[in-house]
Amino acid sequence: MDKKKILEDGLLEQYLLGELDDKTLQMVEIAIAGDSDLRAHFDLLEADFERIAFENAVDPPLSVRQGLETQVSEMNEEKHLRSLSNSRPNTSFWFAASIAALMAFGAAWIYNQWRASEENLKTLETQTAALQERLSKLEENYEETNNRYQQINNPNVVPLVLVGNSKSPSSRATAYVNHQTKEVILNTKGLSALDEEHTYQMWADVAGEMINMGVLSNNRDYVLLRYIEDAESLNITIEPVGGNDHPTVENLISNVVL
């Protein structure tokens, strides 16, 4: 088994805790026996656990105590020694039990801390990626807004105000027309909100013919529209979502003469 994987996956800690399956346990033991660096790392880890146990000796849990008592009793019976139950409490027994308990608890704590650090790192990476994406969006929006600002403040731009009629008296929009660069930008912020089934659409009147300039997006303040040569007026109508191929004249809400 690869040394790097053993260290990164915390297999040495799990080995000390007895949490490995038989197959993985054998692979780890073989790796420890065949790699001096890995063996040194394992010995250091084991020594740390023992040091923690000596420094913080406590009474072991009842289950640990009972398990050790059973093992000691069986060993004594095989050697024909007298039972521990008839003798006074063995100080070394309590010390050994405390070491065993603290080694287990200490290893579990270290392992859990390592796992928590892994999760915290993943969370931090996710949050960082989200912040970077948000920053990119802000930069894109800033660049687009700055470009629009430069366009509408060009000395060659003619601003035209379109005021809503009786069908939409509170509506107001400003068209910025540059005949040199052949650009039309409309500020739609002042248009009244529509329901989800309708949208605004801009038209240019050329010799009595209404030519589509584009649909006005409801979620953007500035919309770049199609420039129409020889337009005599600009007109805004209310159309079904997606726009129309011809204007609904009865839904005309504003127009301005060029």
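As the structure is a computational prediction, the values presented were derived from the model and not from experiment.
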For the side chain of T174 and the backbone of V161, is there at least one donor-acceptor N/O pair under 3.5 Å apart?
-> no

Spacing of NZ belonging to K3 relative to CD1 belonging to I6, to within rounding of 0.5 Å | 9.5 Å

Side-chain (D195) to main-chain (H198) donor-acceptor, under 3.5 angstrom | yes

Are E183 and N178 close enough that a side-chain donor and a side-chain acceptor fall under 3.5 Å?
-> no

Counting only N and O atoms by type, is there a donor-acceptor contact under 3.5 Å from the side chain of T199 to the main-chain atoms of L216?
-> yes

Can any side-chain N or O of S168 pair as donor or acceptor with the backbone N or O of I253 at less than 3.5 Å?
-> no

Kindly work out whether a path of hydrophobic side-chain contacts (I/L/V/M/F/W/Y, heavy atoms less than 4.5 Å apart) joins L160 to Y200.
-> yes

Is it true that a side-chain atom of D9 and a backbone atom of L11 form a donor plus acceptor pair closer than 3.5 Å?
-> no

Does a donor on one side chain sit under 3.5 Å from an acceptor on the other, for S233 and N235?
-> yes

Residues T248 and T237: side-chain donor-acceptor under 3.5 angstrom = no

Among side-chain atoms of N212 and Q201, is any donor-acceptor pair under 3.5 angstrom?
-> yes

Distance (rounded to the nearest 0.5 Å) between W203 CH2 and H246 NE2 = 7.5 Å

With a cut-off of 6.0 Å (strictly less than), are more than 12 heavy atoms of other residues, nucleotides or ligands near CG of D21?
-> yes

State plainly whether the residues K167 and E250 are in salt-bridge range, i.e. N to O under 4.0 Å.
-> no

Look at the aromatic rings of H179 and Y227 and report parallel, tilted or perpendicular, splitting at 30° and 60°.
-> perpendicular

